[in-house]
Amino acid sequence: MYSEANFKSKLIHWFDENQRQMPWRETTNPYYIWLSEVMLQQTQVNTVREYYLKFINRFPTISDLSKAEEDEVLKYWEGLGYYSRARNFHTAVKDVDENHAATVPRDPEIFKKLKGVGPYTQAAVMSIAFDQPLATVDGNVFRVWSRLNNDNRDTKLQSTRKAYEIELSPYVQSQSGTFNQAMMELGALVCTPKNPLCLFCPVQQHCEAFEQGTVSELPVKSKKIKKKNVKQHVYIIKNLNDEVLIEKRKAKLLNNMWEFPMYEATASEGINQALNIDIPISTTPIKHLKHQFTHLTWDIDVFEAKTAVDHTKTELPEEMTWMKMTDKEMYNFPVSMTKIYEFIKKQF
DNA sequence: TAGACGTGGCA
DNA sequence: TTGCCAAGTCT
């Protein structure tokens, strides 16, 4: 058994010398720290940087974000993925603005009640911004801690998370924010999923898995879900003004984002029903693409409607509109639709 | 509880 | 090309 203080001291010393520069590490503003933690969920640091800087530039205060329309907030999240994070963060910030005097709560129990704040975000924001004694348990910490203890418990189980939070609590009674970030940084830079740099690890002598030669087998994760494949038909409908038809999604997936009308291949007559007009559709796809999500694949055929009908005089259903090709930045599109846009842009 | 929820990087 | 992984949360 090793000294807890010795382990912590070595880890923090390594962190002081080796941590990466990040814009959110140069602020003590709890709102900015909170935003960064939301953006960093399941997302790599280098991807987040630009989004973070643009976001705080446009919404520099809680009040600014609180007053914004959801469509604009989503526009600033466009391309980052997991868009419910943006909707939930917006909701939570409005909550703070209205019910907490526009001040991020210091009480972990109150903060945890906000929309989109789970155990990780609670611990991260509370420790980094307010030095509250809570341990962050994220993917990095699961990996680092399971290896340090040669622990093969399933990290997907809630019980394992709880156990880790308790086991780590002695380390976060002081300097909690620094310790938490050091654990995560070690996981990101040294104790990596593949090819970990054990020879350069500042706490190698505390690592049971290194001693036992089991590093590559940890952490243990149980569930692997198989992707479903969904065939989709997308329709590029142009009018005589060289505008193209777009539709606002009303679904859990990519909710409230725009798309070219899309129907599952098994329901592809939907476009004619929706418009209540008979649009000639090209019989062969003008483009085929696959778009990968975590849990499914869209196998997309893109069809083009060549029509002489002046659809500008046809009344459109709710949540549909004609978009000028030069106005794409006025709408928020998922990446799959941006790919299609880039293709058809050449033809206009 | 297990599956839904985006996207890009990497071996 | 394919599958896993990246500072998770919601239902």
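Below, chains carry the letters A, B, ... as their sequence lines are ordered, and counting in each starts from 1.
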Between C:dG8 and B:dT1, how far is it from one C1' atom to the other, in whole Å?
16 Å
Expressed as a whole number of angstroms, how long is the span from A:Glu165:CD to C:dG8:C1'?
13 Å
Whether A:Gln42 contacts C:dG8 is assessed here as follows: a side-chain N or O lying under 4.0 Å from the phosphate OP1 or OP2. Is that the case?
yes
C:dA7 and B:dG3: how far apart are their C1' atoms, nearest whole angstrom?
22 Å
How far does the P atom of C:dT2 sit from the matching atom of B:dG6, given to the nearest Å?
23 Å
Counting only side-chain N and O atoms of A:Lys228, is one of them less than 4.0 Å from OP1 or OP2 of B:dA4?
yes
Testing C:dT9, B:dG6, C:dA6 for proximity to the side chain of A:Arg143, the answer is C:dA6
Is a side-chain donor-acceptor pair under 3.5 Å present for A:Lys221 with A:Ser146?
no
From the candidates C:dC5, C:dT9, B:dT7, the one with an atom nearest any side-chain atom of A:Tyr83 is B:dT7
Reckon A:Gly187 touches a base, only the sugar-phosphate, or nothing at all at heavy-atom distances under 4.0 Å?
nothing
Rounded to whole angstrom units, what separation is found between the NZ atom of A:Lys112 and the P atom of C:dC10?
7 Å
Please report, rounded to the nearest Å, how far the C1' atom of B:dG8 is from the CE atom of A:Met39.
16 Å
I want to check one thing: is the phosphate of C:dT9, taken as OP1 and OP2, less than 4.0 Å away from some side-chain N or O of A:Thr121?
yes
So what does A:Trp77 touch, heavy atoms closer than 4.0 Å: a base, only the sugar-phosphate, or nothing?
nothing
Which nucleotide wins on minimum distance to the side chain of A:Arg20, given the candidates B:dT7, B:dT1, C:dA7?
C:dA7
Atom pair distance, as rounded to whole Å: CH2 in A:Trp298 and C1' in B:dG6:
10 Å
Heavy atoms under 4.0 Å, any strand shown: does A:Arg87 hit a base, just sugar-phosphate, or nothing?
nothing
May I ask you to decide if A:Asp71's main-chain N or O and A:Asn332's side chain share a donor-acceptor pair within less than 3.5 Å?
yes
NA contact type, A:Met22, heavy-atom cut-off 4.0 Å: base, sugar-phosphate, or nothing?
base
Figure out the NZ/C1' separation between A:Lys194 and C:dT2, and round it to whole Å.
11 Å
Base, sugar-phosphate or nothing for A:Gln181? Non-hydrogen atoms, less than 4.0 Å.
nothing
Of the candidates B:dG6, B:dT7, C:dA7, the side chain of A:Val335 sits closest to B:dT7
Same-atom distance (P) from B:dG8 to C:dT9, integer angstrom
22 Å
Under 4.0 Å, heavy atoms only, any strand: does A:Lys252 hit a base, just the sugar-phosphate, or nothing?
sugar-phosphate
Taking for each residue the nucleotide of DNA chain B with the nearest heavy atom, is it A:Ser159 or A:Gln44 whose nucleotide lies nearer the 5' end?
A:Ser159
Atom-pair distance (OH on A:Tyr51; P on B:dT7), nearest Å:
9 Å
Between A:Ser336 and A:Glu259, is any side-chain donor less than 3.5 angstrom from a side-chain acceptor?
no
Counting heavy atoms not belonging to A:Lys228, are there more than 12 under 6.0 Å from its NZ?
no
Rounded distance (Å) that lies between atom P of C:dC5 and atom NZ of A:Lys227
13 Å
Contact class for A:Gly81 vs. all strands (heavy atom < 4.0 Å): base, sugar-phosphate, or nothing?
base
Euclidean distance, atom CZ of residue A:Phe333 to atom P of B:dT7 [Å, nearest integer]:
13 Å
Which residue, A:Thr43 or A:Lys156, contacts DNA chain B at a nucleotide closer to its 5' end, judged by nearest heavy atom?
A:Lys156
Does the side chain of A:His295 get closer than 4.0 angstrom to OP1 or OP2 of B:dG3 through an N or O atom?
no
Side-chain atoms of A:Lys221 come closest, of C:dA6, B:dG6, C:dT9, to C:dA6
Confirm from the modelled atom types if A:Thr294 and B:dG6 form a donor-acceptor pair under 3.5 Å, side chain to base only.
yes
Any N/O donor-acceptor pair, A:Tyr82 side-chain to B:dG6 base, under 3.5 Å:
yes
A:Asp131 side chain to A:Ser176 side chain, donor-acceptor N/O pair below 3.5 angstrom:
yes
What are the two closest non-hydrogen atoms of A:Thr192 and A:Arg147, and how far apart are they?
O-NH1, 2.9 Å
Salt bridge flag under 4.0 Å for residues A:Glu70 and A:Lys248
no
Hey, which of these two, A:Val117 or A:Asn140, hits DNA chain C nearer its 5' end, going by closest nucleotide?
A:Asn140
Verify, without hydrogens or angle tests, whether A:Arg161 (side chain) and A:Pro119 (backbone) share a donor-acceptor contact under 3.5 angstrom.
no
Using a cut-off of 4.0 Å on non-hydrogen atoms, how would the nucleic acid contact of A:Leu80 be classed: base, sugar-phosphate, or nothing?
base
